[in-house]
Participant: 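Pasting in a structure now, in C-alpha cells, and then I'll have a few things to ask.
Values reported hereafter were calculated over all heavy atoms of this structure, with side chains retained and with hydrogens, waters and symmetry mates removed. Proteins get letters first, then strands, A, B, ... in listed order; numbering begins at 1 in each.
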There are 2 protein chains.
Amino acid sequence: MSSTRLLILGVLHDETLNGYEIRRRLELWGADQWANVAFGSIYHGLTKMSQEGLLEIVEKGRGGSTVYGITDIGRQEFQRLLAEAWWRVKPVIDPFQAALTFMNHMPKEQLLSALGSRSAQLRSLLAMCEPAIEGKVQYGAPRHITECVRLNMARTRAELDWIEDAIPRIEKDELP
Amino acid sequence: MSSTRLLILGVLHDETLNGYEIRRRLELWGADQWANVAFGSIYHGLTKMSQEGLLEIVEKGRGGSTVYGITDIGRQEFQRLLAEAWWRVKPVIDPFQAALTFMNHMPKEQLLSALGSRSAQLRSLLAMCEPAIEGKVQYGAPRHITECVRLNMARTRAELDWIEDAIPRIEKDELP
DNA sequence: AAGTTTGTATTCAAATTTGAGTAGCTGTCA
DNA sequence: TGACAGCTACTCAAATTTGAATACAAACTT
C-alpha cells in the first residue's frame with residue numbers, strides 16, 4: 001500500500017546493497033521528501049520481503065554488513081507495484097491541511113505570523129531545489145529524477161500561492 | 001506526529017461524539033483526501049488519548065455507543081499540536097513520486113497510457129470539487145473548509161500540469 | 001595518544017495504520 | 001412478513017512506521 005516496498009525493490013533492481021546504502025540512495029533521490037524512508041522502515045521492509053522471497057540475503061553479517069539482492073519473484077512484484085503506482089491515483093497525505101481545517105481556532109496574529117514563516121520556509125525550499133533543476137548538481141542520480149524535483153516544486157509553489165492569496169484575505173477579515 | 005490526534009481533538013473541541021460520528025465528520029471535511037482517518041486509526045486514537053487523559057468517556061457503551069469528550073489537558077494539547085502544524089513545514093507524502101522515480105522501468109507505451117488515464121482521473125477529481133468551491137454545497141461544514149478544497153485543487157492542478165508537460169516530452173523521447 | 005566527533009550499520013519497543021471482519025438496527029419491497 | 005441491503009458502531013490481528021538507542025570504526029583535534 002505504501003511506497004516503501006516499491007522503493008526498496010526498485011533500488012535493488014540492478015545492484016545488491018545493504019540497508020544503510022539503500023536508505024542513502026533514497027535520500028539522494030530526495031525520497032525523504034515524499035515517502036517514509038526512516039531506517040526502521042527500510043530494515044523492516046528488507047526482513048519482511050526476504051521472508052516472502054522477494055529478496056535474498058547475498059552476504060550475511062559476519063562482521064560485515066547484510067547485503068540484499070532482488071529475486072525473480074521480487075522483480076515481478078516490482079513491476080506489479082510500479083504499474084499500480086502509475087495507474088491508481090492515490091491521495092497525497094498532507095499535514096498542513098489539518099492545520100488549515102482548524103484555522104478558526106488560531107488568533108489572527110498567530111495565523112499571520114505562521115503564514116509569514118511558512119512562506120519564507122517554502123521559498124527557501126524552492127531555492128534549494130533550483131540548482132538540481134538546472135542540472136548543476138548530478139550526484140549520480142538518473143536524469144529523470146529531476147522530474148521528481150520539478151513536480152515537488154510545483155506542489156510547493158501551489159501551497160505558496162495559496163498562502164500569498166490567503167494573507168491579505170485574513171488581514172481583511174475575510175478569513176476565517 | 002501524524003495529524004490524527006490533532007483532527008480528533010479538533011472535532012471534539014466543541015461537542016461530544018462517538019468514534020463513528022467523528023469519522024463521518026472528518027469525511028465531510030474531506031479529511032480522507034489528505035489524512036489517515038480509517039476507522040481503526042480513529043478508534044485507536046480515542047482509546048489512547050483517553051488513557052492519556054486528553055479525552056474522557058462521557059457515555060459508556062451499555063447498548064448505546066461510547067461517546068467521548070475533550071478534557072482541559074486535551075484542549076491544551078490541541079493548541080500545542082495546532083501551533084506545531086501551522087509553524088512547522090512537514091513533507092507531504094506522495095505515492096506518485098515513487099512511480100516517477102522508476103519511470104525508466106516502464107515501457108514508453110504504458111507510460112503514455114498511464115499518464116493519459118491519470119490526467120483524466122485528476123480532471124474529474126477537480127470537476128468534483130468545483131461545486132464545493134462555488135459554495136453550492138454546504139453540508140454544514142464551516143466556511144473556511146473550502147480553503148482546504150482550494151489548496152487541494154491547487155496541488156492537483158500542479159500534478160496535472162506536470163503530466164501535460166511530460167506527455168509530449170515522452171513522445172519525443174526526451175524522457176525518461 | 002587520548003578524547004571527540006562523524007559516519008556506518010543495525011536493532012528494538014512503542015505507536016500507529018491497515019484492512020477485514022462482526023454485530024445490531026432500520027427501512028423497504030415483494 | 002421476512003429477507004436482503006445498507007447504515008451504525010466497533011473490534012482485532014497483522015503490517016508498518018517512528019524515534020531512539022546501540023555498537024563499532026575512522027577521522028580529526030588537542
Participant: Using a cut-off of strictly less than 4.0 Å, decide whether B:Thr4 has a side-chain nitrogen or oxygen near OP1 or OP2 of C:dT16.
Facilitator: no
Participant: Determine whether the aromatic ring centres of residues B:Phe96 and A:Trp86 are separated by less than 6.0 angstrom.
Facilitator: yes
Participant: Please tell me if A:Asn36 has a side-chain N or O lying less than 4.0 Å from either OP1 or OP2 of D:dT16.
Facilitator: no
Participant: Between A:His44 and D:dT17, is there a contact of a side-chain N or O with OP1 or OP2 at under 4.0 Å?
Facilitator: no
Participant: Measuring to OP1 and OP2 of D:dT8, would you say a side-chain N or O of B:Tyr20 lies under 4.0 angstrom away?
Facilitator: yes
Participant: With heavy atoms under 4.0 Å as the rule, sort A:Arg23 into base, sugar-phosphate or nothing.
Facilitator: nothing
Participant: Whole Å only: how far is the CZ atom of B:Phe39 from the C1' atom of D:dT11?
Facilitator: 13 Å
Participant: Roughly how many Å is it from NZ in B:Lys48 to P in D:dC10, rounded to a whole number?
Facilitator: 20 Å
Participant: Measure the acute angle between the ring planes of B:Phe78 and B:His13, then classify it against the limits of 30° and 60° as parallel, tilted or perpendicular.
Facilitator: tilted
Participant: Just how far, in rounded Å, is P of C:dT10 from CZ of A:Arg24?
Facilitator: 13 Å
Participant: Starting at CG of A:Asp72, measure out to CD of A:Glu56 and round the result to the nearest 0.5 Å.
Facilitator: 9.0 Å
Participant: Whole angstrom is fine here: how far is it from CG in B:Leu17 over to P in D:dT8?
Facilitator: 13 Å
Participant: OP1 or OP2 of D:dA15 versus the side-chain N and O atoms of A:Arg5: is any pair under 4.0 Å?
Facilitator: no
Participant: Does the distance from a Lys or Arg side-chain N to an Asp or Glu carboxylate O, for B:Glu21 and B:Arg24, drop under 4.0 Å?
Facilitator: no
Participant: In whole angstrom, what separates B:Ile42's CD1 from D:dT8's C1'?
Facilitator: 15 Å
Participant: So does B:Arg155 pair up with A:Asp94, basic N to acidic O under 4.0 Å?
Facilitator: yes
Participant: Using only side-chain N and O atoms of B:Thr66, determine if any of them is under 4.0 Å from OP1 or OP2 of D:dC10.
Facilitator: yes
Participant: Can you measure A:Ile93 atom CD1 to C:dT18 atom C1' for me and round it to whole angstrom units?
Facilitator: 12 Å
Participant: Heavy atoms under 4.0 Å, any strand shown: does B:Gly19 hit a base, just sugar-phosphate, or nothing?
Facilitator: sugar-phosphate
Participant: For B:Glu59 and D:dA9, what is the distance between atoms CD and C1' respectively, to the nearest whole Å?
Facilitator: 13 Å
Participant: Measure from OH on B:Tyr43 to P on C:dG21 and round the result to the nearest Å.
Facilitator: 18 Å
Participant: Output yes when at least one side-chain N/O atom of A:Ser2 is less than 4.0 Å from OP1 or OP2 of C:dT17, else no.
Facilitator: no
